[in-house]
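Beneath this line is the structure, given in structure tokens, with notes to follow.
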Amino acid sequence: MSDSGWPADRIDTEHAHSARIYDYILGGKDYYPADREAGDAMAREWPALPVHMRANRDWMNRAVRWLAEEAGVRQFLDIGTGIPTSPNLHEIAQSVAPASRVVYVDNDPIVLTLSQGLLSSTPEGRTTYIEADFQHPEAVLESDEFRKTLDLGEPVALTVIAIVHFVLDEDDAVGIVRRLLEPLPAGSYLAMTIGTAEFAPEEVGRVAREYAARDMPMRLRTLDEAREFFEGLELAEPGIVQVHKWRPDGSGEQGIRDEDIAMYGAVARKP
């Protein structure tokens, strides 16, 4: 066991991991030398990478707040949660509606270890964590934590943020998302960010090669390919746009160039 209490043999500290690279670039502390080396190499290839990653995080904040304030959602299923970074999704939702319930899902042992940061719910609400691979939706949907925390008689927001670009074509990312959305009732929402190379193809392509060199191949998608995730759903305004253009609130979007952002974002309602 490590000093932090997790089984040390479950965590590969020798190789970079996408969630830990993200944490490092965002200024977190839960990373290892391999993650720092990878993040530095990627930022050299594309100096806008920290701007891009921060914009994705800011999108999550705005989208969850919109879902809670404007759409009235009180239940959230967060897929690919990653390392806790305050404010976490439940902190945003519960700041609007203290009774909000959140199920977090990830399959990284270090996220499980740090999951206490995801479980600090308000007394009125509830949060729980499921250790599962989202590429196997049944592991999520059939879990006790899912059934006990979320009421499928009421709308649920399914959030899939900055993860499907690590799902290759043979693993059918669109099909996985649809299987997760299928049991959720009408009035539920899908909120996603989707990696793209359309705005800085050379720079983002070099970053993708750095990931692939570390056994993390990426599948970056065009706008038309991003639309496939939302077929049959009702897109909220302004539709599928780069994350810094989705309902900006003036808190961090100034000065961001389109070529600094390699992520589409959208929120859509299940009719």
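- Considering only heavy atoms from C-beta on, Leu158 stays 4.5 Å or farther from Ser188 through its side chain.
- The two residues Gly195 and Met263 make their nearest non-hydrogen contact at N-SD, 3.3 Å.
- Atoms CG and CZ, on Asp260 and Arg54 in that order, are 15.0 Å from each other to the nearest 0.5 Å.
- Under the rule for a ring pair (Phe, Tyr, Trp, His ring centres under 6.0 Å), Phe146 has no partner lying at least two apart in sequence or in another chain.
- Legend: residues meeting side-chain contact (heavy atoms from CB on, under 4.5 Å) with Arg65, ordered by chain and number and at least two apart, are Glu69, Ile92, Ser95, Val96.
- Scanning both residues, Trp246 and Gly239, for their nearest heavy atoms gives CD1-O, 3.7 Å.
- Here Gln242 contributes atom CD and Arg257 contributes atom CZ; the two are 11.5 Å apart, rounded to the nearest 0.5 Å.
- Arg126 pairs with exactly one of Leu119, Thr149, Leu150 by the side chain to side chain contact (heavy atoms under 4.5 Å, CB included) rule, that one being Thr149.
- Put simply, the side chain of Tyr189 does not reach to within 4.5 Å of the side chain of Pro155, judged on heavy atoms.
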Given the rule in the side chain to side chain donor-acceptor pair (under 3.5 Å) test, do Asn56 and Tyr22 qualify, once you have shown the distances and angles that lead to the verdict? CA-CA 11 Å; Asn56 179 76; Tyr22 189 68; 3.2 Å; yes
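- Counting heavy atoms from C-beta outward, Arg147 and Glu142 have side chains that approach closer than 4.5 Å.
- In this structure, the side chain of Arg62 engages the main chain of Arg247 through a donor-acceptor pair within 3.5 Å.
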Start with the C-alpha distance between Lys245 and Asp258, add both sets of side-chain angles, then the distance that settles side-chain contact (heavy atoms from CB on, under 4.5 Å), and finish with yes or no. CA-CA 9 Å; Lys245 295 181 175 180; Asp258 289 357; 2.9 Å; yes
Going through the distances and angles, do His17 and Tyr31 end up as a side chain to side chain donor-acceptor pair (under 3.5 Å)? CA-CA 9 Å; His17 186 282; Tyr31 59 86; over 6 Å; no
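- Within the structure, ring pair (Phe, Tyr, Trp, His ring centres under 6.0 Å) contacts touching residues 247-271 (residues at least two apart or in different chains) are Phe199-Tyr264.
- For residues 216-243, the set of pairs meeting the ring pair (Phe, Tyr, Trp, His ring centres under 6.0 Å) definition, not counting sequence neighbours, is empty.
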Solution key, residues 201-209 side-chain donor-acceptor pairs under 3.5 Å, sequence neighbours excluded:
{"residue": "Arg206", "atom": "NE", "partner": "Glu45", "partner atom": "OE1", "Å": "2.8"}
{"residue": "Arg206", "atom": "NH2", "partner": "Glu45", "partner atom": "O", "Å": "3.0"}

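- Between His52 and Val243 the shortest side-chain heavy-atom distance does not fall below 4.5 Å.
- Between Leu235 and Ala266, the closest heavy-atom pair is CD2-CB, 3.9 Å.
- The pair Asp23-Arg20 does not meet the salt-bridge criterion, since no charged nitrogen lies less than 4.0 angstrom from a carboxylate oxygen.
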Under the side-chain contact (heavy atoms from CB on, under 4.5 Å) rule, what do Leu223 and Thr196 come out as? Steps first, then yes or no, please. CA-CA 8 Å; Leu223 179 57; Thr196 183; over 6 Å; no
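- Partners of Phe134 according to the ring pair (Phe, Tyr, Trp, His ring centres under 6.0 Å) rule, which considers only residues two or more places apart in sequence or in another chain, do not exist here.
- Sorted by first and then second residue, the side-chain hydrogen bond (donor to acceptor under 3.5 Å, both in side chains) pairs involving residues 150-159 (not counting sequence neighbours) are Asp78-Thr159.
- For Ser121, the side-chain contact (heavy atoms from CB on, under 4.5 Å) partners two or more places apart in sequence, or in a different chain, are Gln94, Thr127.
- Within the 4.5 Å cutoff, the side chain of Glu210 has no heavy atoms near those of the Met216 side chain.
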Begin with the C-alpha distance, continue with both residues' side-chain angles, and end with the deciding distance and a verdict on side-chain contact (heavy atoms from CB on, under 4.5 Å) for Phe76 and Leu67. CA-CA 10 Å; Phe76 296 81; Leu67 285 162; 4.0 Å; yes
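- To the nearest 0.5 Å, atoms OH (Tyr104) and CD1 (Ile79) are separated by 12.5 Å.
- Checked by atom type and distance alone, the side chain of Arg57 never pairs as donor or acceptor with a backbone atom of Met53 at under 3.5 Å.
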Applying side-chain contact (heavy atoms from CB on, under 4.5 Å), run through Met192 and Val177 and close with a yes or a no. CA-CA 10 Å; Met192 289 188 70; Val177 171; 4.3 Å; yes
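- Between Ala139 and Ser143, the shortest heavy-atom distance links the atoms O-CB, 3.6 Å.
- Taking CG of Leu77 as the reference point, atom CD1 of Ile130 lies at 7.0 Å (rounded to 0.5 Å).
- Applying the side-chain hydrogen bond (donor to acceptor under 3.5 Å, both in side chains) test to pairs two or more places apart or on separate chains, those with a residue in residues 164-176 are Asp169-Arg219.
- For Tyr211, the side-chain hydrogen bond (donor to acceptor under 3.5 Å, both in side chains) criterion is met by no residue, not counting sequence neighbours.
- With sequence neighbours left out, Arg178 forms a side-chain contact (heavy atoms from CB on, under 4.5 Å) with Val174, Glu231.
- Of the possible polar contacts, one joining the Asp133 side chain to the Gln135 backbone as a donor-acceptor pair under 3.5 Å is found.
- Residues Ala191 and Val267 come closest through the heavy atom pair CB-CG2, 3.9 Å.
- Residues Ala197 and Leu220 approach most closely at CB-CD1, 3.9 Å, considering heavy atoms.
- With rounding to the nearest 0.5 angstrom, the CD1 atom of Ile194 is 6.5 Å from the CD1 atom of Ile240.
- The backbone N or O of Leu184 lies less than 3.5 Å from a partner atom in the side chain of Lys270, making a donor-acceptor pair.
- Here CD of Glu198 is found 14.5 Å from CD1 of Ile261. Values are rounded to the nearest 0.5 Å.
- In this structure, the side-chain contact (heavy atoms from CB on, under 4.5 Å) partners of Ala97, at least two apart in sequence or on a different chain, are Arg74, Ser100.
- Residues Tyr24 and Asp40 have side chains in contact (heavy-atom distance under 4.5 Å, counting atoms from C-beta outward).
- More than 12 heavy atoms of other residues, nucleotides or ligands sit less than 6.0 Å from atom CD of Glu138.
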